[in-house]
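The structure appears right after this line, and notes come after that.
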Amino acid sequence: MQQYDLYINAGKPAVGLYVASGAKLPDFADPKEWIFDGTAAADLLPPSVIEGVASAGHAFRDMD
(Lines give C-alpha, C1' and ligand atoms only; values in the text may rest on other atoms or scores of the structure.)
Protein backbone atom coordinates (compact mmCIF):
# COMPACT_ATOMS: atom_id res chain seq x y z
CA MET A 1 0.00 0.00 0.00
CA GLN A 2 1.24 3.48 -0.85
CA GLN A 3 2.51 5.56 2.07
CA TYR A 4 2.60 9.35 2.40
CA ASP A 5 4.81 11.54 4.58
CA LEU A 6 3.16 14.43 6.38
CA TYR A 7 4.92 17.70 7.16
CA ILE A 8 3.33 20.41 9.33
CA ASN A 9 4.13 24.08 8.79
CA ALA A 10 5.85 25.35 11.95
CA GLY A 11 4.36 28.84 11.58
CA LYS A 12 0.89 27.66 10.54
CA PRO A 13 0.24 24.28 12.20
CA ALA A 14 -3.16 24.04 10.51
CA VAL A 15 -1.41 23.49 7.16
CA GLY A 16 -0.19 20.01 6.28
CA LEU A 17 1.92 19.07 3.27
CA TYR A 18 1.89 15.49 2.00
CA VAL A 19 4.47 13.88 -0.29
CA ALA A 20 5.06 10.27 -1.29
CA SER A 21 6.89 8.44 1.48
CA GLY A 22 10.62 8.96 1.13
CA ALA A 23 10.27 11.87 -1.29
CA LYS A 24 11.85 15.17 -0.42
CA LEU A 25 9.93 18.37 0.14
CA PRO A 26 9.01 20.26 -3.04
CA ASP A 27 11.48 22.95 -4.17
CA PHE A 28 9.17 25.75 -3.00
CA ALA A 29 8.99 24.45 0.58
CA ASP A 30 11.69 25.81 2.88
CA PRO A 31 12.71 22.78 4.97
CA LYS A 32 13.18 24.97 8.05
CA GLU A 33 9.46 25.81 7.99
CA TRP A 34 8.21 22.21 7.85
CA ILE A 35 8.30 19.57 10.59
CA PHE A 36 7.98 15.87 9.76
CA ASP A 37 4.86 14.55 11.52
CA GLY A 38 4.76 10.92 10.43
CA THR A 39 3.66 8.63 7.65
CA ALA A 40 0.12 7.56 6.75
CA ALA A 41 -1.25 4.81 4.53
CA ALA A 42 -3.35 5.79 1.52
CA ASP A 43 -6.54 4.31 3.00
CA LEU A 44 -6.34 6.82 5.89
CA LEU A 45 -6.22 9.92 3.66
CA PRO A 46 -8.86 11.77 1.67
CA PRO A 47 -8.83 11.04 -2.07
CA SER A 48 -7.90 14.69 -2.79
CA VAL A 49 -4.54 14.20 -1.06
CA ILE A 50 -3.75 11.05 -3.03
CA GLU A 51 -4.79 12.68 -6.31
CA GLY A 52 -2.76 15.82 -5.53
CA VAL A 53 0.40 13.87 -4.79
CA ALA A 54 -0.10 11.77 -7.93
CA SER A 55 -0.52 14.80 -10.19
CA ALA A 56 1.76 17.43 -8.61
CA GLY A 57 4.08 15.45 -6.34
CA HIS A 58 2.61 17.08 -3.22
CA ALA A 59 -0.72 18.02 -1.68
CA PHE A 60 -1.79 20.47 1.00
CA ARG A 61 -4.42 19.64 3.61
CA ASP A 62 -6.23 21.75 6.17
CA MET A 63 -5.39 20.00 9.43
CA ASP A 64 -8.13 21.66 11.49
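Sequential numbering from 1 along the given sequence is applied to the chain's residues. Note: hydrogens, waters and symmetry copies are ignored here, and every other heavy atom, side chains too, is used.
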If you compare all heavy atoms of [X] against all heavy atoms of [Y], which two are closest, and at what distance to 0.1 Å?
X     : Y     : value
Met1  : Ala41 : SD-CB, 3.8 Å
Phe36 : Thr39 : CZ-OG1, 3.7 Å
Ala29 : Trp34 : CB-NE1, 3.6 Å
Gly16 : Ile8  : CA-CD1, 4.2 Å
Pro26 : Val19 : CD-CG1, 4.0 Å

- Task: Look at the aromatic rings of Phe28 and Phe60 and report parallel, tilted or perpendicular, splitting at 30° and 60°.
- Result: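 Tilted.
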
With a 4.5 Å limit on heavy-atom distance, are the side chains of [X] and [Y] in contact?
X     : Y     : result
Arg61 : Leu45 : yes
Met63 : Leu6  : yes
Tyr4  : Leu44 : no

- Task: Spell out, as yes or no, whether a donor-acceptor pair under 3.5 Å connects the side chain of Asp5 to the backbone of Gly22.
- Result: yes

- Can you measure from CG (Leu25) to NZ (Lys32) and round to the nearest 0.5 angstrom?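 Between atom CG of Leu25 and atom NZ of Lys32 there are 12.0 Å.
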
- Measure the spacing between CG of Leu17 and CD1 of Ile35 and express it to the nearest 0.5 Å.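 Atom-to-atom, Leu17:CG and Ile35:CD1 are 12.5 Å apart.
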
- Query: Is the number of heavy atoms from other residues, nucleotides or ligands under 6.0 Å of Asp62 CG greater than 12?
  - Reply: yes

